[in-house]
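Since the structure comes first, as structure tokens, the remarks are kept for the end.
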Amino acid sequence: MLGAIADDFTGATDLAIMLRRNGYRVAVTIEDHDPGTTAGLDAVVIALKTRTAPVAEAVDTSRAALHRLRDWGADQVYVKYCSTFDSTDAGNIGPVLDVVADELGAEKVVVAPALPANGRTVYLGHLFVGADLLEHSSMRHHPLTPMTRSRVADLLRPQTPHAVAELHHGTIRQGADAVRAAIAAAPARYVVVDTIDDEDLRVLGAAVADSPVVSGGSGLARGLRSPGTPDDDWQSIPDTGRVVLCGSASATTRRQIADAARTQPVRRVDPRAAVHEPGAEIGRLVDWVRAQAAGAAPVVYATGETADVVSEVDGRPVAPAVEEVLAGAARRLVAEAGITRLLAAGGETSGAIVRALGIGLLRIGPEIAPGICWSGATTTAGDLALALKSGNFGPDDLFTSAWERLA
Ligand code: ADP
């Protein structure tokens, strides 16, 4: 069985879709939830919220997740991070890779953030977002993990005491055997591998089939050996209310909000109120959603334009306050307003919402767009169809088109 540790919840579902498409029967467990049995599963993805946690906490939480995966019979571990390598010089990608590789005695670990389907590619060691280097993409302005360099090895080196090497595209083109040999010969524990399309990921996946630890975005999962064809056990959930909750400040999410605003009611979270009176702000948002016409898909968002991003209000940080408000609104909307279809935008935001809803397990359902799917979850208030979207993922019309996949 493949065991995966994802550093945020959107990343966990992104990876699970890829695995499912590749023939894995897969479940996503949230944090330390115990699914009881993993019998019949080809993969378990543990969703953590460690991307921006303090380093020591991320390491301890990831180590504990690794132990659970081993107890459940995982014989290969996939460390999943964002395809834009979201991290700072302190971590958490490097420290988490270090602890997993140390515990499993892995001498080599590939580093493959590429997700070509979403325009994330690695060429000559540099990470591109579409035609732009990472440092010239909107990730440069991320509120929590601004990415100001593009060479993956340069991003990883400050995060680990171990050496980092690069394996360039010329070797990938020679096929899996050449890649396997080059990884083995690399003078480093970590090997950043050029991957510019799905064929490169397939070659890399074949080369690392027997590696105890692999790491990357979700793209590498497409390249791993397929165990077969999964059963389709998705069961639809009645549609009694829809809402979109956006904590992402990314350019893609801002376009999606603007697109939805042409036909759907939209409302911005007030950052000052989020900091000073979160309970009251939650109440106003819940009332506003409840006041919308039946069948509408109202959008609650935190950032409509970059100028909306404020790091502090009266010396107190805004980002966690916004997360708290969106998560609190989600809890009340599901419990009191009959919401059974919820689309969450933003990795940290999704983590806060899933935690607030007390969800332990996500059953992977219909795919919406690359990296985004509906999943089924049981909350204390009943069953919910939930889509968790990384900020930069999805087409511009996502907030109006996603619902069609559940029809
Ligand atoms: P993404 O997937 O785009 O990275 P996340 O949800 O992971 O989105 O991160 C966005 C972070 O920015 C969250 O912590 C959110 O609360 C915060 N945020 C959103 N809007 C604002 C804002 N206007 N001012 C300050 N922080 C904000």
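Just so you know, ligand 1 is whichever comes first in the structure, and atom 1 is the first atom listed for that ligand. Throughout, residue positions are numbered sequentially from 1 according to the sequence presented. The structure displayed is predicted, hence computed values, not measured ones.
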Practice problem: Quick one: pull up OG in S137 and CZ in F128 and give me the separation to the nearest 0.5 Å. | Solution: 11.5 Å

Exercise. State the atoms of ligand 1, each with its element, that fall below the 4.0 Å cut-off from a heavy-atom position in V318.
Key: 24 (N), 25 (C)

Quiz item: Does the side chain of V45 come within less than 4.5 Å of K80's, by heavy atoms?
Solution: no

Quiz item: If you measure every N/O of K389 against every N/O of ligand 1, is any gap under 3.5 Å?
Solution: no

Exercise. Could you establish whether G247 and ligand 1 come within less than 4.0 Å of each other, counting only heavy atoms on the residue side?
Key: yes

Quiz item: Which of the atoms of ligand 1 are close to D308, meaning less than 4.0 Å from one of its heavy atoms?
Solution: 22 (C), 23 (N), 24 (N)

Exercise. For atom 4 (O) of ligand 1, find the nearest protein heavy atom and state the residue, atom name and distance (0.1 Å precision).
Key: H142 NE2, 2.5 Å

Exercise. Using distance alone, with no hydrogens and no angle criterion, decide if N392 and T252 have a side-chain donor and acceptor under 3.5 Å apart.
Key: yes

Quiz prompt | Which segment of L144 sits under 4.0 Å of ligand 1 when only heavy atoms are counted | solution = side chain

Quiz item: In the protein, which heavy atom is nearest to atom 26 (N) of ligand 1, and how far is it?
Solution: A319 CA, 3.7 Å

Quiz prompt | ligand 1 N/O within reach of E348 N/O, cut-off under 3.5 Å | solution = yes

Exercise. Hey, could you give me the CG/SG distance between L343 and C246, rounded to the nearest 0.5 Å?
Key: 7.5 Å

Quiz item: Nearest to atom 25 (C) of ligand 1, what protein heavy atom do you find, and at what distance?
Solution: V310 O, 3.0 Å

Quiz item: N/O of E323 under 3.5 Å from N/O of ligand 1, yes or no?
Solution: yes

Practice problem: Could you tell me whether D102 and R189 make a salt bridge, using a distance below 4.0 angstrom between a side-chain N and a carboxylate O? | Solution: yes

Quiz item: Looking only at N/O atoms, are V322 and ligand 1 under 3.5 Å apart anywhere?
Solution: no

Exercise. Describe, in one word, how the ring planes of Y123 and H169 are oriented to each other, choosing from parallel (under 30°), tilted (30 to 60°) and perpendicular (over 60°).
Key: perpendicular

Exercise. Looking only at protein heavy atoms, identify the closest one to atom 8 (O) of ligand 1 and say how far it is in Å.
Key: G346 CA, 3.3 Å

Quiz prompt | Nearest neighbour in protein (non-hydrogen) for atom 21 (C) of ligand 1 | solution = T303 OG1, 3.3 Å

Exercise. Please answer whether the main-chain N or O of S250 pairs with a side-chain N or O of T253 as donor and acceptor at a distance below 3.5 Å.
Key: no

Practice problem: Using distance alone, determine whether S311 and ligand 1 share an N or O pair under 3.5 Å. | Solution: no

Quiz prompt | Electrostatic pair E323:R355 at N-O distance under 4.0 angstrom | solution = no

Self-check item: No-hydrogen, no-angle side-chain donor-acceptor test under 3.5 Å, S248 and K389
Solution: no

Quiz prompt | G347 N/O under 3.5 Å from ligand 1 N/O | solution = yes

Quiz item: Should you measure from each heavy atom of G391, which atoms of ligand 1 turn up under 4.0 Å away?
Solution: 1 (P), 2 (O), 3 (O)

Quiz item: Backbone or side chain, does any N or O of S248 fall under 3.5 Å from an N or O of ligand 1?
Solution: yes

Quiz item: Quick one: are P161 and D98 in side-chain contact, heavy atoms under 4.5 Å?
Solution: yes

Quiz prompt | Side chain, backbone, both or neither: the part of P143 lying under 4.0 Å from ligand 1 by heavy atom | solution = side chain

Quiz prompt | Sole candidate of E348, E57, E31 that passes salt bridge (charged side-chain N to carboxylate O under 4.0 Å, His left out) when paired with K49 | solution = E348

Self-check item: Proximity of R51 to ligand 1 by residue part, where a heavy atom lies under 4.0 Å
Solution: neither

Quiz prompt | Separation between CZ of F393 and OG1 of T10, rounded to the nearest 0.5 Å | solution = 7.5 Å

Exercise. Just jot down the ligand 1 atoms closer than 4.0 angstrom to any heavy atom of T349, in number order.
Key: 6 (O)

